[in-house]
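The next block holds one structure in the form of structure tokens; read it before the comments.
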Amino acid sequence: MPWMSEDLANAVSPRGAIRDLLAYMRRRQRHEIVFLTGAAGLTFLMLFGFTIEMHGPKREYHRDIIYFQQWNANRTDAQIIAQQKIDGPEQTKREEAERKLEAEKRAIFKRLGDQMNSVGLY
């Protein structure tokens with residue numbers, strides 16, 4: 001390169017970078033090289049995982065639309081009670097399903113806690 005000195009061209013070239021890295025590694029102690037390799041490996045592993053996940057199948061988008069009923073402010077008590085009788089069984093079913101899911105989650109966390117306790121982590 002005519003506009004760059006030969007020393008600078010060697011320092012900037014890939015060969016110069018590799019020589020520089022090797023000289024740096026020779027001056028380090030063994031445990032520093034082990035930790036450097038582990039840190040670099042973990043970094044590349046995470047980047048590789050993100051790359052794989054990014055190129056995976058696309059998830060289908062669907063909207064979560066929540067509908068609600070609109071009532072008149074001047075409803076009578078009889079109308080309110082009649083609507084509650086209609087909505088009561090459906091609400092009870094929904095609450096029971098929520099309780100069942102909560103009980104399942106609680107059981108999973110209890111098993112996990114028991115496993116951690118048996119190993120001595122909890």
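Computation of the quantities below employed the complete heavy-atom set of this structure, encompassing side-chain atoms and omitting hydrogens, waters and symmetry-equivalent molecules. Remember, it's a predicted structure, so these values are computed and weren't measured experimentally.
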I66 atom CD1, neighbour heavy-atom count above 12 within 6.0 Å: no
R19 and L22: CA distance, side-chain angles, deciding distance, side-chain contact (heavy atoms from CB on, under 4.5 Å) verdict: CA-CA 5 Å; R19 274 195 310 262; L22 290 176; 5.8 Å; no
Partners meeting side chain to side chain contact (heavy atoms under 4.5 Å, CB included) with E96 (sequence neighbours left out): R99
Sub-4.5 Å side-chain heavy-atom contact between L121 and Q115: no
Approximate separation, where rounding is to 0.5 Å, of T76 OG1 and I81 CD1: 8.5 Å
Within 6.0 Å of CD in E53, more than 12 heavy atoms from elsewhere: no
Side-chain donor/acceptor of E32 to backbone N/O of Q29, under 3.5 Å: yes
Neighbour count >12 (heavy atoms, 6.0 Å) for atom CD, Q69: yes
Exercise: do Q79 and Q83 side chains pair donor with acceptor under 3.5 Å: no
Interatomic spacing from CD1 in I33 to CZ in R26 - rounded to 0.5 Å: 10.5 Å
Separation between CG of L45 and CZ of F50, rounded to the nearest 0.5 Å: 10.0 Å
Verdict with reasoning, E98 to R94, per salt bridge (Lys or Arg N to Asp or Glu O under 4.0 Å): CA-CA 6 Å; E98 287 176 10; R94 206 171 350 161; 5.9 Å; no
Side chain to side chain, Q84 and D87, heavy atoms closer than 4.5 Å: no
CD1-CG distance between I52 and L47, expressed to the nearest 0.5 angstrom: 12.0 Å
Derivation of the side-chain contact (heavy atoms from CB on, under 4.5 Å) call for D114 and R111: CA-CA 5 Å; D114 290 344; R111 280 196 305 266; 5.5 Å; no
Euclidean distance, K110 NZ relative to L112 CG, rounded to 0.5 Å: 11.5 Å
Hydrophobic cluster identity match, L21 and I18, side-chain contacts under 4.5 Å: no
